[in-house]
Amino acid sequence: MITLLAEGPRSRAEIARELGMSATTVSNLVADLVASGAAVEQMSADGRRGRPAKTVSLVAAPGLVAGVDVGRTHLRAAVATRQGEVVAEREVALPEGHTGEQTVPVVLNLVRDLLQEASRPGGELVAVGVGLPGPVDGPDGTVGAGTILTGWAGFDVAGRLTEALGVPVVTDNDATLGMLAEARWGAAQGVADAAYVKISTGVGAGLLLGGRLHRGAGGTAGELGHTPLQPDGAVCRCGNRGCLETFTSVPAVLQMLRPTLGEDLTIEQVVAGAAAGDPPCRRMVEDVGRNLGRGIALLGNLVDPEVVVLGGPLVAAGEPFLTAVGASLRRSVIPSVARRLRVVPAALGARTEVLGALALALTSGPPPYAHLLD
Ligand SMILES: [Zn+2]
């Protein structure tokens, strides 16, 4: 409803029609919004069909929110208004193997710099969202032992940032936040059942089921990369063997190509090589796409998503990669799933996770909006 009102004033009857809700339900929701100060009801200046109509519109909430995306070797942060308009954004490099303790001061400096850059009247920070790679446990918001950032496991980043910034800080898994951002602003808008698959240092999925994010009982839902597909395959960091990510993640791709193309090879060079038709790069990108398609098919059969959004650096390889994933996926899922399923690249690119962290902050800030957003 907040999203609908953000597009402009609506009458109660229009809201009921567009949301498919009863007049009573809409009246209760409008009353809640007005009582909390999030919305006002007034007579519209130009009543339609000759009759003046009472319309509901949002009151612009003051304050700014920050989103923070913590990666293996990068930190990206953005500051936005509470209407979701990004006003400052920047990425900085982090050293490989960084710990929570080392990185908290870097996060604080970056967020404070961006707030200064975004300086505006009523521009106080009201909430922060943080995306972390790995399962994020609901109650305490810390990243679990399965994370690629081993120096962050169990570290209370939300507590430390709240202490320093004096505002609520909420954490979530980066792929889940990618799903949130793509559903709100990207390639999965208007879709109720979707998956966002991030292929990076690991392979993780964010799930949207029946219009809601699905995190699982302990925040581990969507750990697609640890699907064991090769019983005698390489030993995975999780302790199992032949997990999907042992032969499809960015480090796996580089490890397979470096003996031929040199130890300094980067994933950006692989992507450029594949686009230019360079045989080893092209072959590798297509093979990884095919293997990912097999893995994502398991998810397809369980969840029956309408859209699978792909994120991470390999997506920049474009057609050869997307075609390989899509063809392999369609071959492996049951026909009724295959008929409807679309495989698309993330519309928000490298910003997907940080925008998801912003969306999390928007839904976690203080009233008037927070308790009414869903
Ligand atoms: Zn594994």
Side-chain angles (χ1 to χ4, degrees), residues 69-74 96-100 131-138 142-155 171-179 195-207 213-258 267 270 284-285 287-303 305 308-315 321 324-325 328-329 332-333 352-353:
D69 165 35
V70 181
R72 191 176 64 98
T73 56
H74 79 267
E96 213 165 305
H98 63 92
T99 66
L132 299 166
V136 172
D137 193 12
T142 62
V143 71
T147 178
I148 53 164
L149 299 176
T150 49
W152 281 71
F155 179 73
T171 56
D172 210 333
N173 169 264
D174 59 347
T176 300
L177 292 182
M179 181 72 264
Y196 170 75
V197 180
K198 183 185 177 190
I199 306 107
S200 185
T201 306
V203 175
L207 302 173
L213 289 173
H214 179 76
R215 298 179 171 90
T220 311
E223 286 293 321
L224 183 67
H226 298 290
T227 311
L229 288 182
Q230 294 179 340
D232 303 321
V235 174
C236 180
R237 63 192 169 87
C238 74
N240 211 332
R241 288 190 72 175
C243 292
L244 179 64
E245 73 174 42
T246 62
F247 53 100
T248 59
S249 66
V250 167
V253 168
L254 292 175
Q255 198 184 357
M256 284 185 271
L257 284 171
R258 277 178 175 160
I267 196 66
V270 175
M284 185 56 65
V285 161
D287 284 356
V288 164
R290 261 193 295 278
N291 286 324
L292 274 168
R294 281 172 52 221
I296 299 171
L298 301 173
L299 187 67
N301 283 347
L302 288 176
V303 169
V308 172
V309 183
L310 300 178
L314 280 169
V315 175
F321 180 67
V325 176
S328 156
L329 173 53
S332 307
V333 291
T352 301
E353 285 79 16

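For ligands, and for the atoms within them, numbers begin at 1 and follow the listed sequence. Atom set for the values below is all heavy atoms of this structure, side chains included, hydrogens, waters and symmetry mates excluded. Count residues from 1 along the sequence.
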Atom of L299, atom of A205 and distance for their closest heavy-atom approach: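 Of all heavy-atom pairs spanning L299 and A205, the closest is CD2-CB, 4.4 Å.
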Test: salt bridge (Lys or Arg N to Asp or Glu O under 4.0 Å). Region: residues 233-244. Which pairs qualify, not counting sequence neighbours?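 Qualifying pairs, neighbours excluded: R237-E245.
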Pairs involving residues 214-232, ordered by first then second residue, that meet salt bridge (Lys or Arg N to Asp or Glu O under 4.0 Å) (sequence neighbours left out): D172-R215
State which residues pass salt bridge (charged side-chain N to carboxylate O under 4.0 Å, His left out) with R294; sequence neighbours excluded, sorted by chain then number.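 In terms of salt bridge (charged side-chain N to carboxylate O under 4.0 Å, His left out), with neighbours along the sequence ignored, R294 is linked to no residue.
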Could you tell me whether Q230 atom CD has more than 12 heavy atoms of other residues or ligands within 6.0 Å of it?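 Enclosed.
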Out of the candidates L292, L244, V253, only one should pair with I199 under the side chain to side chain contact (heavy atoms under 4.5 Å, CB included) rule; please name it. L292
So what's near the Zn ion (ligand 1), protein N, O or S atoms under 2.8 Å?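 Only H226 ND1, C236 SG, C238 SG, C243 SG fall inside 2.8 Å of the Zn ion (ligand 1).
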